Protein chains: 2
Amino acid sequence: MAKSGRIERRTDALSKERIIGAAVEILDSGGESGLTFRALAARLATGSGAIYWHVKDKDELLATATEEVIDRVMREAIQEADPRKAIRAVALGLFDAIDAHPWAGAQLSRAPWQPAVGRIFESIGGHLDALDVPDRALFDAASALVHYILGAAAQNAANARLAPHDTDRTEFLSAMIERWTAPDPAGFPFLHRIAARFQDHDDREQFLAGIDLILAGVGATR
Amino acid sequence: MAKSGRIERRTDALSKERIIGAAVEILDSGGESGLTFRALAARLATGSGAIYWHVKDKDELLATATEEVIDRVMREAIQEADPRKAIRAVALGLFDAIDAHPWAGAQLSRAPWQPAVGRIFESIGGHLDALDVPDRALFDAASALVHYILGAAAQNAANARLAPHDTDRTEFLSAMIERWTAPDPAGFPFLHRIAARFQDHDDREQFLAGIDLILAGVGATR
DNA sequence: ACCTGAACACCGTTCAAGT
DNA sequence: ACCTGAACACCGTTCAAGT
């Protein structure tokens, strides 16, 4: 990766890879607010200014860390013969990755021009193509899926961060409906109607149901 | 709104409403990074500490500003007899609002437990109900639509912020595909295939196409 | 009750100085 | 070439002091 072919001076030398690795660890354990140049420098046993030799600024730090994490999922993506299954697998892989790294979900929605979004687009689009989606509808369908996947995953991850541990998930969701409807008890017939389902739903399953809905729509409009 | 029924001492007194109004103005003109307590205090001709008397912290500031902006759209929502048209109208209203206030889109994805999300859910769900979606599918369909709307709108708004003015939109999108595919020219057959469409597509139309795709899926799985 | 503004404990980023 | 760490120009938030 270095310009010259010379050997490294010492094995523990700073490098962009090591910096990003440490950044991912800090982001995972301390969230977005935990990632500071001081904390990163401390973990790498260096000065904060040293990081700037390898990384332009905090934005690049966050963007590269996100690339790292998404790259991992996209590489691991299980090969599925059936295009629908393949799309579901990619979607679920991204959902789980963003659930594990909520900061990556926020970053992708904030900067959807990131290369990772291009790779996701390519993967989803390629599978849709194999599904014989007509040329005219192909781009719209891929775009809808990518927007849905990234949006739903980011929102879910944010929600999951807020919720206490799973024991009282039902209670937590019930309180959410209550807070939403309390200002106008008669104004939320729909929310009251689905309240029971809301409290007990599984985020992952519902996410997949959304994927299936879009895929059904793709099939229906063919 | 005040606890006592007494008249206000002076018309220019600080209030949560005035603070939020100023915050929205700053956010719209200077973006999320422009909103600081110092800037807000300066615009309101007061000390930064005064704001804390009316607002808990910066998070509440951002959340309340978002409520304000979303409330506006949801109130203005044109009454449509046809449920599909109504859903499209609500979706498009939100898309435009988030396009005009990108910070609100980011906030909604970051904090989807906000009351505004409950109101959006209620509106979309109510219209789906009128569409005779079976009970079992109702919640999943509403959830998919809300996640898609908020996700797509946030991602679009972020993108729109980055792009230069419309003159060279085609050029901008073309450069994006180029950046995405350059690292591996043979690895992106799908992106190359849709490149022409990508450069010329309209974000608003494509957003609506996604809504229609989900609605078609809802109809197909009935 | 409400406002003022200095003070505190942080940030990201720069840069002269070192090796 | 790469690293150090103090310095700078900011932040959000608190709080004694005012009215």
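Just so it is clear, the structure is predicted and the values come from calculations on it, not from any experiment. The figures here come from the full heavy-atom set of this structure, side chains too, leaving out hydrogens, waters and symmetry mates.
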Scanning all shown strands, the Watson-Crick or wobble mate of D:dC3 with both distances under 3.5 Å is none
Reported CD1-to-CG distance for the pair A:Ile87 and A:Leu208, which is rounded to 0.5 angstrom = 12.0 Å
May I ask which nucleotide in the shown strands pairs with D:dA17, Watson-Crick or G-U wobble, both distances under 3.5 Å?
-> none
In whole angstrom, give the distance that lies between atom CD1 of B:Ile19 and atom P of C:dC2.
-> 11 Å
Side chains of B:Gln206 and A:Ser143: is there a donor and an acceptor less than 3.5 Å apart?
-> yes
Across all strands, who's sitting opposite D:dC10 as a Watson-Crick or G-U wobble pair, both distances under 3.5 Å?
-> none
Which sits closer to the 5' end of DNA chain C, B:Ser15 or B:Arg38, going by the nucleotide each is nearest to?
-> B:Ser15
Grab the two heavy atoms, one from A:Ile211 and one from A:Arg88, that are nearest each other, plus how far apart they are.
-> CG2-CG, 4.2 Å
Which nucleotide in the list C:dC3, C:dC11, D:dG12 gets nearest to the side chain of B:Thr36?
-> D:dG12
Value in whole Å for how far the P atom of C:dT13 lies from CG of A:Leu62 | 11 Å
Please lay out, stage by stage, how A:Gln107 and A:Glu32 fare under the test side-chain contact (heavy atoms from CB on, under 4.5 Å).
-> CA-CA 10 Å; A:Gln107 170 65 19; A:Glu32 221 157 324; 5.6 Å; no
Find the distance A:Lys58:NZ to C:dT13:P and express it as a whole number of Å.
-> 8 Å
B:Leu40 near the nucleic acid: base, sugar-phosphate alone, or nothing, with a heavy-atom cut-off under 4.0 Å?
-> nothing
Picking from D:dC3, C:dC3, D:dG5, the nucleotide nearest the side-chain atoms of B:Ala50 would be C:dC3
Want to settle it: does A:Asp57 or B:His54 sit nearer the 5' end of DNA chain C, counting the closest nucleotide to each?
-> B:His54
Can you tell me the distance, in whole Å, between the CD1 atom of A:Ile51 and the P atom of D:dG5?
-> 13 Å
d(NZ, B:Lys56; P, D:dG12) in whole Å = 15 Å
For atom CZ of A:Phe37 and atom P of D:dC3, their distance in whole Å = 15 Å
To the nearest angstrom, how far is B:Trp53 atom CH2 from C:dC3 atom P?
-> 9 Å
May I ask you to decide whether A:Arg72 forms a salt bridge with A:Glu68, counting only side-chain N to carboxylate O separations under 4.0 Å?
-> yes
Provide, to the nearest angstrom, the distance between the OH atom belonging to B:Tyr52 and the P atom belonging to C:dG5.
-> 17 Å
